[in-house]
2 protein chains.
Amino acid sequence: MTDDAIAAAFEPHDHQECAHRALDEAAARLKDQGARLTPVRRRTLEILLESHRAMGAYDVLDRLAAEGFGRQPPVAYRALEFLVQHGLAHRLQRLNAFAACLHPGDDHHPVFLICRSCDRVAEAPVTPIRDALAQVAKAGGFRVERATIEALGLCATCAASDAGAPC
Amino acid sequence: MTDDAIAAAFEPHDHQECAHRALDEAAARLKDQGARLTPVRRRTLEILLESHRAMGAYDVLDRLAAEGFGRQPPVAYRALEFLVQHGLAHRLQRLNAFAACLHPGDDHHPVFLICRSCDRVAEAPVTPIRDALAQVAKAGGFRVERATIEALGLCATCAASDAGAPC
DNA sequence: CGCTGTCGCGTTACTTTATTACAATTGTGT
DNA sequence: ACACAATTGTAATAAAGTAACGCGACAGCG
């Protein structure tokens, strides 16, 4: 994952292509793992991929229900959990929401940058931060297994446009 | 905040003294700020201070209700929100829970180390990690305003005792 | 003192988020 | 076609969090 990936999430880009590629990659990865990308799961991923924003489980559920899938919470939660477990989506603790992963394949529990103005979410390179965290923890005798790192702030596009207005 | 503070949270210590000092410090700080440490608020802080663990809002509420305070959710949420806003407690996103702050005074949105075995929570020095995060974000044009950093893992005491058994 | 405005508290009612349990169905391998 | 596991649909319920209203305590001020 490069620094460019951060800017990419916040700036205008060929999102069709961006989403399509993520979907293809997801399908390929699942095939390798012998996991099934069923219609609900596929559609759930597509819905998440429509934007670089995080969506609540019930927002996803509404969409699924409108398209003929089940309309009970477990439908959405199951699909989302599946995607998260297979590294195709992430859960944002801070927002009680989910976002598609744009770099499946990188082994990661990434760092998230959440713009408070436009609500877009980017994944940032995790290594330097994870290293710093591991070191600090180690000094206290603590062994880190998983870390949740979510930063709230302002993306370059929003900062440029108005330091606060939606972009 | 020193590295010793991490170990302190996970190892046996004079907790009476530890909690008492935090409470005194809290009272003093609030007085300076002209904020009132009312009975509900004080009791809420004491409840959180009883352990180095995080508690859910409804757990706190049960305790408060049993002691004659109101038994409706807003009672607990208001007291907890007050404590958080005044830097006397923290919210752990990952657990939907709250923990008393043991170092009020340090200006901080600290890093949390959560032991998955004994459920204790420690606050770790934040500077190196925050710096690493800010740098990574800056490279992508993102300005971090607030960061949630929560690590799940195993504390030294639990690791020594059984690599997994409650301590 | 008594007025007045703010703050804190308690309650009702409600919304949002998430899980448990079970039945029906689909897909896989033989 | 058959047995079996995985997946989906549904009902019901739990957990977490918020909005809105009124009452009473308390500080500041004439």
Side-chain angles (χ1 to χ4, degrees), chain A residues 26-27 30-48 53-86 88-99 119 148 150, chain B residues 26-27 30-48 53-86 88-99 119 148 150:
Chain A
L30 287 179
K31 200 164 188 178
D32 284 352
Q33 297 173 37
R36 290 163 53 197
L37 187 58
T38 61
V40 209
R41 292 170 178 171
R42 179 185 196 92
R43 195 66 197 110
T44 301
L45 181 53
E46 286 172 359
I47 289 169
L48 289 182
R53 296 181 173 82
M55 294 182 74
Y58 280 72
D59 295 330
V60 172
L61 179 58
D62 286 347
R63 295 282 308 271
L64 291 174
E67 297 175 21
F69 296 98
R71 52 186 59 255
Q72 303 302 322
V75 171
Y77 281 102
R78 283 195 290 234
L80 290 167
E81 189 191 0
F82 172 89
L83 294 175
V84 168
Q85 283 191 338
H86 289 80
L88 306 177
H90 298 291
R91 172 169 212 152
L92 294 158
Q93 304 286 344
R94 182 146 204 150
L95 307 177
N96 288 332
F98 300 82
D119 283 329
T148 301
E150 299 175 5
Chain B
L30 288 179
K31 200 164 188 178
D32 285 353
Q33 298 174 35
R36 291 163 54 197
L37 187 58
T38 61
V40 209
R41 292 170 178 173
R42 179 186 196 91
R43 195 67 196 106
T44 301
L45 182 53
E46 287 172 357
I47 289 169
L48 289 183
R53 296 182 173 82
M55 294 182 73
Y58 281 71
D59 295 331
V60 172
L61 179 58
D62 285 346
R63 296 283 307 271
L64 291 174
E67 297 175 21
F69 296 99
R71 53 185 59 256
Q72 302 303 322
V75 171
Y77 280 104
R78 281 195 290 236
L80 289 167
E81 189 191 2
F82 172 89
L83 294 175
V84 169
Q85 283 190 337
H86 289 79
L88 306 177
H90 298 292
R91 172 166 214 155
L92 293 156
Q93 303 286 343
R94 181 146 204 149
L95 307 177
N96 287 334
F98 300 82
D119 282 330
T148 302
E150 299 175 3

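Each chain gets a letter, A, B and so on, in the order its sequence line appears, and its residues count up from 1.
- Rounded to an integer number of Å, the gap from F69(B) CZ to dG24(D) P is 19 Å.
- Between L83(A) and T44(A), the shortest heavy-atom distance links the atoms CD1-CG2, 3.8 Å.
- Of all nucleotides listed (dA21(C), dA18(C), dA16(D)), dA18(C) comes nearest to the side chain of P73(A).
- Using a 4.5 Å cut-off on side-chain heavy atoms (C-beta onward), L30(A) and L88(A) make contact.
- The nearest whole Å value for the distance from the CG atom in L64(B) to the P atom in dG10(C) is 9 Å.
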Please tabulate, for side-chain N and O atoms in residues 31-40 of chain A, each donor-acceptor pair with protein atoms closer than 3.5 Å (sequence neighbours left out).
none

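- In terms of polar N and O atoms assigned as donor or acceptor, the side chain of R78(A) comes within less than 3.5 Å of the base of dG9(D) in a complementary pairing.
- The side chain of V75(B) sits closest to dG10(C) out of dT18(D), dG10(C), dG17(D).
- At a threshold of 4.5 Å between non-hydrogen side-chain atoms, the residues Y58(B) and Y77(B) count as touching.
- Summarising the geometry, the separation between CZ on F82(B) and C1' on dC9(C) is reported as 14 Å, rounded to the nearest angstrom.
- Comparing dG10(C), dA16(D), dA12(D) against the side chain of V40(B) picks out dG10(C) as the nearest.
- Formation of a donor-acceptor pair under 3.5 Å by the E150(B) side chain with backbone atoms of Q93(B) is found in this model.
- The bend of the helix from dC1(C)-dG30(D) to dT30(C)-dA1(D), defined by the angle between the axes of its first five and last five pairs, stands at 30° to the nearest 10°.
- Heavy-atom nearest nucleotides on DNA chain C were determined for P74(A) and for R36(A), and the one closer to the 5' end corresponds to P74(A).
- When side chains are defined from C-beta on, L80(B) counts as touching L48(B), because their heavy atoms get closer than 4.5 Å.
- With dG17(D), dA21(C), dT17(C) as the candidates, the nucleotide lying closest to the side chain of Y58(B) is dG17(D).
- Nearer the 5' end of DNA chain C, as judged by each residue's closest nucleotide, is the contact made by T38(B), out of T38(B) and N96(B).
- Following rounding to the nearest Å, L80(B) (CG) and dA16(D) (P) show an atom-to-atom distance of 13 Å.
- Counting to the nearest Å, the C1' atom of dC9(C) and the OH atom of Y77(B) are 17 Å from each other.
- Each of P39(A) and R91(B) was matched to the nucleotide of DNA chain D holding its nearest heavy atom; the match closer to the 5' end belongs to P39(A).
- Ion pairing between R78(A) and E81(A) fails under the 4.0 Å rule for side-chain N and carboxylate O.
- Atom-to-atom, CG of L37(B) to C1' of dG8(C) comes out at 13 Å; the value is rounded to the nearest Å.
- The interatomic distance linking Q85(B) (CD) with dG8(C) (P) rounds to 11 Å, in whole Å.
- Comparing dT12(C), dA16(D), dA20(D) against the side chain of Q72(B) picks out dT12(C) as the nearest.
- Of the listed nucleotides (dG17(D), dC9(C), dT19(C)), dC9(C) has the atom at the smallest distance from the side chain of R41(B).
- The nearest whole Å value for the distance from the CZ atom in R71(B) to the C1' atom in dA16(D) is 18 Å.
- In this structure R41(B) satisfies the salt bridge (charged side-chain N to carboxylate O under 4.0 Å, His left out) test with no other residue, sequence neighbours excluded.
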